[in-house]
Amino acid sequence: MNRKMAEVRTRYAPSPTGHLHIGGARTALFSYLWARRNNGSFVVRIEDTDVERNVADAEQKQLDGLKWLGIDWDESVDVGGPHAPYRSMERVDLYQQHLQKLIDAGHAYPCYCTAEELDEERQKQLAEGVAPKYSGRCRHLTEAEREAFRREGRTPSIRFRVPEGRILTIHDEVRGEVRFESDGIGDFIIQRPDGRPTYNFAVVVDDALMEITHVVRAEEHLSNTPRQVLLYEALGFDVPTFAHASLILNPDGKKMSKRDESVIQFIDQYRERGYLPESILNFLVLLGWAPEGDKAEEEIFSKEELINLFSLKRVSKAPAVFDTGKLNWLNNHYIKKSSTERITELAIPHLAKAGRISENPTGDERQWVTRLVGLYQEQLDWVAQIVDLTEVFFREEPVYSDEAKEVLSAEQVPEVIASLIQQLEAFTGELTPDEVKALLKSVQKETGHKGKKLFMPVRCAVTGETHGPDLRETISLLGKEKVLGRLRGFLEQRDRILG
RNA sequence: GGCCCGUUGGUGAAGCGGUUAACACACCAGCCUUUCACGCUGGCAUGCAGGGGUUCGAAUCCCCUACGGGUCACCA
């Protein structure tokens, strides 16, 4: 029993080509949860071998996204670790060493075909309806033939010699045993002509050297796995346990493409819109995983609970459909549970950007904004909605909806409004919700109108809408002057408004 | 085209040979409320893609078909 058996080690290995995608985040989350569940280690490794596609700050974006979600790691490019470096391109000497072993053992050979030649071969096979597969034409080149190619100036890539007639069995925690025939796999390139490894080779060397015990990733990698198993064997490494989660589909049930606009795909876009990290985390884990037993009836899970509950065996084989409605419901749930101060903090940038409040409100303004946010908190699916929701507080004159006009054309309305104006004019002091309540009570006494006949006209005259949050708080927040202005405006222009 | 994977209500999803086929979202109805929202209560699959088997008994096991997806890159 070696130490590999003792500790569970998982990793998330993104290529630094862009922001953290929901699919990647979910894969990272599953890996993370499994490691934490087993008191193991979670590694974030950067697979940057495709240098043409690398994006400058993508690596940092990936890490930032994970951090925001609350996914922390034990080893990576920033904190280092016993298996550093954690960036593929800084590990090329390691790949080279292992490549040499393969060559020495006859498991790998140089291939002098050019990209154009290979592409031509593939096109031909496709046209004939044959499975595209490398023909193996460089497999048995003599030293003389190789020398000839070299003299032509061709630099070889290195291919792995796939054994014939092998049945490869993969032990997958979510799918059980999956079998592949080696004959369906052509010799594949493990090192490019310029010396960089390809993904299939780099992951194997990295996962093995980093002592990864569980490789958790998306289904698109399942067909790659037999190639990797072959590499593990040829290199004399233990094969890790695999877990291939299904893909995430868009609401139409189609595979999510990067340019799919039916669903927001990047974690930071959710962050910008005011989704809470715990909502996203909760939502992500439910995308292809369900807890066992009694817990299966629950939907709300904290990170801590998930660490106790998570199991790779419970990951679904069937694809998961991204359900925006469910995400919004979850986020609304967490927003309702959050303190108003926290939501206010998140709302301020949105309101400030819309020019409604100052960048960094303090004192009275701060207090006012907090009350405003509190008024709408329970109906926010995401924080940025606060801007549209609170519009009525910032415009000069309300926009009267048709329903409001109908309410306002009732005969008792002018009397009620006039009475409220009087009450307000006579009022001095701070217009708290309780004071508003008292004022309305006076209007009731004076006019004899109560209930809907009293409150609806007031609401409609002040906000232009037949519905909205608590009237007393609304009036209090709007302030005496603004309310008076609107009430007077309504009476003066009643005919025009009611059209 | 070969090889792999999948298919439970409008949606997510539990279910692992015997259940009234959980639960949640959405939706509908009612209650609550001065309105909306929140909350609460109730309703919502004659049926588990289709067809064959196996079995006393199948959403659950096997086979075939259909459909969806993945992969066959000097991309991960």
Side-chain angles (χ1 to χ4, degrees), chain A residues 13-17 24 47-50 52-53 88 111 113-115 118-119 122 125-126 128-134 156-159 170 172 174-175 178-181 183-186 188-194 196-200 202-203 217-227 244 246-247 249 251 253-255 283 286-300 314 316-330 332 336 376-380 403 407 440 450-460 463 465-472:
Chain A
S15 65
T17 50
E47 301 272 357
D48 57 353
T49 56
D50 188 0
E52 292 85 4
R53 290 201 192 187
S88 297
C111 169
C113 300
T114 63
L118 292 169
D119 194 50
R122 194 174 314 117
Q125 289 167 329
L126 245 21
E128 290 168 1
V130 190
K133 181 179 158 184
Y134 174 63
S157 57
I158 306 296
R159 280 185 189 268
I170 289 154
D172 190 292
V174 349
R175 281 154 217 281
V178 184
R179 275 174 251 279
F180 293 86
E181 290 178 25
D183 292 351
I185 305 169
F188 54 94
I189 293 179
I190 53 181
Q191 187 178 80
R192 301 167 167 108
D194 65 4
R196 287 146 51 218
T198 58
Y199 168 74
N200 278 126
V203 257
R217 50 173 38 163
E219 188 184 344
E220 59 199 285
H221 289 287
L222 186 54
S223 322
N224 269 153
T225 311
R227 279 172 253 273
H244 290 94
S246 59
L247 266 16
L249 271 26
K254 301 277 182 229
K255 176 188 156 70
F283 177 70
L286 257 17
L287 236 34
W289 172 85
E292 198 166 8
D294 301 346
K295 292 290 179 185
E297 297 194 358
E298 295 177 24
E299 310 282 331
I300 306 293
R314 302 282 309 168
S316 175
K317 294 190 266 279
V321 176
F322 192 98
D323 182 356
T324 306
K326 185 84 166 239
L327 204 213
N328 288 341
W329 171 77
L330 266 172
N332 171 257
K336 279 186 290 199
Y376 288 93
Q377 185 169 353
E378 68 185 15
Q379 51 184 296
L380 292 172
E403 302 80 63
V407 168
L440 287 167
K450 58 179 181 176
K452 276 192 188 180
K453 288 194 164 184
L454 167 64
F455 296 106
M456 281 307 273
V458 173
R459 174 182 292 284
C460 291
T463 69
E465 290 289 345
T466 53
H467 53 79
D470 186 80
L471 225 207
R472 290 165 293 225

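As a basis for the values below, the full set of heavy atoms in this structure was taken, side chains included, without hydrogen atoms, waters or symmetry mates. Residue numbers begin at 1 in each chain, while the letters A, B, ... track the order of the sequences.
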CD1-NE2 distance between Ile170(A) and His244(A), expressed to the nearest 0.5 angstrom: 7.0 Å
Just to be sure I understand the rule, does Glu47(A) reach a base, reach only the sugar-phosphate, or reach nothing, if contact means heavy atoms closer than 4.0 Å? sugar-phosphate
Taking atom P in both rA58(B) and rU19(B), compute the distance separating them and give it to the nearest angstrom. 10 Å
Minimum side-chain heavy-atom gap Ile185(A)-Pro226(A) below 4.5 Å: yes
By the 4.0 Å heavy-atom rule, please label Lys317(A) as base, sugar-phosphate, or nothing. sugar-phosphate
From the set rA73(B), rA14(B), rC5(B), return the single nucleotide nearest to any side-chain atom of Arg53(A). rA73(B)
Rounded off to whole Å, could you give me the CG-to-P distance for the Leu380(A) and rC36(B) pair? 19 Å
For Ser15(A), which contact category applies under a 4.0 Å heavy-atom criterion: base, sugar-phosphate, or nothing? sugar-phosphate
Partner of rC67(B) under the Watson-Crick or G-U wobble criteria, both distances under 3.5 Å, comes out as rG6(B)
In terms of side-chain heavy atoms of Pro132(A), which of rC5(B), rC72(B), rC38(B) is nearest? rC72(B)
Hey, is the main chain of Glu378(A) close enough, under 3.5 Å, to the side chain of Asn332(A) for a donor-acceptor pair? yes
Asn224(A) CG to rA73(B) C1', in whole Å, measures 10 Å
How would you label the contact of Gly468(A) with the nucleic acid (heavy atoms, under 4.0 Å): base, sugar-phosphate, or nothing? base
Taking the side chain of Leu247(A) as its heavy atoms from C-beta onward, which of rA22(B), rU34(B), rG70(B) lies nearest to it? rG70(B)
Could you give the CZ-to-P distance, from Arg175(A) to rC3(B), as a whole number of Å? 18 Å
Distance, C1' atom - from rG9(B) to rC44(B), rounded to whole angstrom: 9 Å
Work out how far the P atom of rG12(B) is from that of rG51(B), and round it to whole angstrom. 22 Å
Contact class for Lys336(A) vs. all strands (heavy atom < 4.0 Å): base, sugar-phosphate, or nothing? sugar-phosphate
How are the rings of Phe322(A) and Phe283(A) set relative to one another: parallel (under 30°), tilted (30 to 60°) or perpendicular (over 60°)? perpendicular
Please measure how far the P atom in rC48(B) lies from the corresponding atom in rA37(B), and state the result in whole Å. 37 Å
Taking only the side-chain heavy atoms of Glu220(A) (C-beta and beyond), determine which of rA22(B), rU35(B), rA76(B) contains the nearest atom. rA76(B)
Between CG of Asp48(A) and P of rC74(B) the distance, given in whole Å, is 19 Å
So what does Arg179(A) hit on the nucleic acid, given a heavy-atom distance under 4.0 Å: a base, only sugar-phosphate, or nothing? sugar-phosphate
Answer with base, sugar-phosphate or nothing: what part of the nucleic acid does His244(A) contact at a heavy-atom distance below 4.0 Å? nothing
Closest-nucleotide 5' rank along RNA chain B - winner of Trp329(A) and Val321(A): Val321(A)
Under 4.0 Å between a side-chain nitrogen and a carboxylate oxygen: does that hold for Glu52(A) and Arg196(A)? yes
At 4.0 Å (heavy atoms only), tell me whether Asp470(A) reaches a base, stays on the sugar-phosphate, or touches nothing. base
Determine which nucleotide pairs with rA29(B), using a 3.5 Å limit on both distances of a Watson-Crick or G-U wobble pair. rU41(B)
Paired to rA24(B) by Watson-Crick or G-U wobble criteria (both distances under 3.5 Å) is rU11(B)
When we call it a touch if two heavy atoms are under 4.0 Å apart, what does Phe180(A) touch: a base, just sugar-phosphate, or nothing? sugar-phosphate
Does Ala115(A) reach a base, just sugar-phosphate, or nothing at all? Heavy atoms under 4.0 Å. base
Assigned partner base of rC72(B), Watson-Crick or wobble definition, under 3.5 Å: rG1(B)
Which residue lies more 5' along RNA chain B, comparing Phe322(A) with Asn200(A) via nearest heavy atoms: Phe322(A)
To the nearest 0.5 angstrom, please state how far the SG atom of Cys111(A) sits from the OH atom of Tyr134(A). 3.5 Å
By the 4.0 Å heavy-atom rule, please label Thr49(A) as base, sugar-phosphate, or nothing. sugar-phosphate
Using atom P in both nucleotides, what's the gap between rC4(B) and rG47(B) to the nearest angstrom? 33 Å
rC36(B) P sits how many Å from Tyr376(A) OH, rounded? 15 Å
Taking the P atom of each, how far is rA21(B) from rA45(B), in whole Å? 11 Å
If I pick the P atom on rC56(B) and the same atom on rG10(B), what distance separates them, to the nearest angstrom? 35 Å
Would you say Arg122(A) places a side-chain N or O within less than 4.0 Å of OP1 or OP2 belonging to rC74(B)? yes
Given rG70(B), rU35(B), rA73(B), the nucleotide with the shortest approach to the side chain of Lys452(A): rU35(B)
Grab the NZ-P distance between Lys133(A) and rG2(B) for me, whole Å please. 15 Å
Between rA49(B) and rC67(B), how far apart are the two C1' atoms, rounded to whole Å? 8 Å
Expressed as a whole number of angstroms, how long is the span from Arg314(A):CZ to rA22(B):C1'? 12 Å
If you look at every strand shown and take non-hydrogen atoms under 4.0 Å, does Ala320(A) touch a base, only sugar-phosphate, or nothing? sugar-phosphate
Complementary nucleotide for rG18(B) - Watson-Crick or wobble, under 3.5 Å: rC56(B)
Would you mind classifying the nucleic acid contact of Pro319(A) as base, sugar-phosphate or nothing, using non-hydrogen atoms under 4.0 angstrom? sugar-phosphate
Side-chain heavy-atom pair Glu219(A), Arg175(A) within 4.5 angstrom cut-off: yes
Side chain Thr198(A), main chain Ile189(A), donor-acceptor under 3.5 Å: yes
Of the options rU71(B), rU35(B), rA14(B), whose atoms approach the side-chain atoms of Arg227(A) most closely? rU71(B)
So what does Ser88(A) touch, heavy atoms closer than 4.0 Å: a base, only the sugar-phosphate, or nothing? nothing
Given rA37(B), rG12(B), rU34(B), which nucleotide is nearest the side-chain atoms of Phe455(A)? rU34(B)
Give a yes or no on whether the backbone of Lys133(A) and the side-chain of Gln125(A) come within a donor-acceptor separation of less than 3.5 Å. yes
Taking atom C1' of rU34(B) as reference, at what distance in whole Å does atom CZ of Arg472(A) sit? 8 Å
